[in-house]
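A quick note: this is a predicted structure, and the numbers were derived from the prediction, not measured.
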Amino acid sequence: MRRRQSHDGRGDEGGSAVAGEQSVAAGGVPRLAVFLFPSEMVFYAEQRSSHRRVLTLYNPYSFSLSFKMWCTAPSFYRVVEAEGSIRAKSCVDLVVRHLDVSHRNWGRRDRFRMEVRGGGQVGRREIWAELRGGREEEEQKGGQQRAPPHPTSQLLPTQAHLPACTAVRSASQWAVCVAVAVLCVTVLMLPLHTDSNLLVPHWLHVSTNQKLVCAYTLGLVTMVFLR
């Protein structure tokens with residue numbers, strides 16, 4: 001059973017984490033790639049559903065990992081299961097809630113750091129969190145309104161067919177996004193070249209760089225799903 005707890009760290013803990021990172025770098029401990037998605041969290045003050053974001057931590061390695069989440073402003077956030085362990089070839093979801101969406105904090109950006117350890121290695125990754133005013137839909141509409149308009153002469157010939165074409169294109173885009181997401185997750189679950197896994201053929205073993213590319217792509221697809 002996975003342990004769940006709230007993150008209640010303080011600034012001195014963040015300082016000890018930085019000191020630990022420096023000592024590890026000096027000691028020459030091998031670095032571990034961290035697969036954490038999405039790469040950024042955006043909260044909207046007037047959209048209650050956006051006050052809660054989900055981070056997914058993947059472990060594509062053949063050994064278990066211990067993890068801990070740090071934050072530069074722990075009083076503004078609550079992280080469910082900010083510390084724990086994750087089994088090999090598994091993933092865990094971390095729920096991040098913004099606790100103060102008042103007007104004085106609009107535009108504020110804070111930094112989160114995920115630290116993982118396992119197999120005698122250590123890895124760290126940082127992501128940003130930002131609080132914005134308004135709602136996500138309003139921001140998207142504002143971006144569309146700022147886009148340069150198309151000439152009327154180009155719109156008139158296809159105006160009658162626009163709804164059907166838009167629906168087909170939207171469905172095809174979702175199908176491509178789902179296919180890409182499934183492919184990326186599959187690659188992340190495959191063993192590395194350095195792993196001796198007899199259950200998976202050697203030609204299916206992938207490199208760390210390939211997993212990083214899939215991790216980055218999966219993060220982009222995740223942002224599309226969230227929006």
Could you check whether any side-chain N or O of [X] sits under 3.5 Å from a backbone N or O of [Y], counting only pairs where one atom can act as donor and the other as acceptor?
X    : Y    : value
N105 : D100 : yes
Q47  : Y44  : no
H51  : A45  : yes
R97  : R78  : no
T217 : V213 : yes

Out of curiosity, [X] [atom1] to [Y] [atom2], how far, rounded to the nearest 0.5 Å?
X    : Y    : atom1 : atom2 : value
L57  : L65  : CG    : CG    : 7.0 Å
C214 : M189 : SG    : CE    : 11.0 Å
I86  : C91  : CD1   : SG    : 6.0 Å
L218 : L188 : CG    : CG    : 6.5 Å
S50  : E136 : OG    : CD    : 7.0 Å
F112 : M114 : CZ    : CE    : 10.0 Å

So [Y] and [X], do their side chains get closer than 4.5 Å, heavy atoms only?
X    : Y    : answer
R132 : V42  : yes
L94  : V80  : no
E130 : R108 : no
R117 : F67  : no
E83  : S66  : no

Is the H98 to F43 ring centre distance short of 6.0 Å?
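Yes - the distance between ring centres of H98 and F43 falls below the 6.0 Å cut-off.
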Check: Please walk me through it: do D110 and Y77 pass side chain to side chain contact (heavy atoms under 4.5 Å, CB included)?
Finding: CA-CA 10 Å; D110 298 302; Y77 304 91; 2.6 Å; yes
- Give the C-alpha distance, both sets of side-chain angles, the deciding distance and a yes or no for side chain to side chain contact (heavy atoms under 4.5 Å, CB included) between M41 and L55. CA-CA 9 Å; M41 293 182 293; L55 292 173; 3.8 Å; yes
| field | Evaluation steps, salt bridge (Lys or Arg N to Asp or Glu O under 4.0 Å), between R113 and E126 | value | CA-CA 4 Å; R113 173 188 292 172; E126 295 184 349; 3.2 Å; yes
Worksheet item: Of all residues at least two apart in sequence or in a different chain, which pass the ring pair (Phe, Tyr, Trp, His ring centres under 6.0 Å) check with W128?
Response: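 Not a single residue meets the ring pair (Phe, Tyr, Trp, His ring centres under 6.0 Å) criterion with W128.
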Closest contact, heavy atoms only, R125 versus S39: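 Scanning both residues, the minimum pair turns out to be NH2-CB, 3.6 Å.
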Please report the closest heavy-atom contact between P74 and C71, naming both atoms and the distance.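 Shortest heavy-atom contact: CD-O, 3.6 Å.
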Intermediate values then yes/no, side chain to side chain contact (heavy atoms under 4.5 Å, CB included), E40 and I127: CA-CA 6 Å; E40 183 181 19; I127 64 172; 5.9 Å; no
Using 4.0 Å as the upper bound for N to carboxylate O, is an ion pair formed by E115 and R124?
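Result for this pair is yes, salt bridge flagged.
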request  = Classify the angle between the aromatic ring planes of Y61 and F63 as parallel (below 30°), tilted (30 to 60°) or perpendicular (above 60°).
outcome  =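 Plane angle under 30°, so parallel.
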- Query: Does one hydrophobic cluster hold both V96 and L99, with members joined at side-chain heavy-atom distances below 4.5 Å?
  - Reply: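 No, because V96 and L99 fall into different hydrophobic clusters, even though each may have its own neighbours under 4.5 Å.
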Return yes when atom CZ of R109 has more than 12 non-hydrogen atoms of other residues, nucleotides or ligands closer than 6.0 Å, and no otherwise.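 Atom CZ in R109 is crowded, with more than 12 foreign heavy atoms closer than 6.0 Å.
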Exercise for the section: Evaluate the criterion side chain to side chain contact (heavy atoms under 4.5 Å, CB included) for residue pair V79 and V95; output intermediate values, then yes/no. Expected result: CA-CA 6 Å; V79 183; V95 179; over 6 Å; no
task: Would you tell me whether D93 and T56 have side-chain atoms, one donor and one acceptor, within less than 3.5 Å of each other?
output: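 Checked: D93/T56 side chains pair up, N/O donor to acceptor below 3.5 Å.
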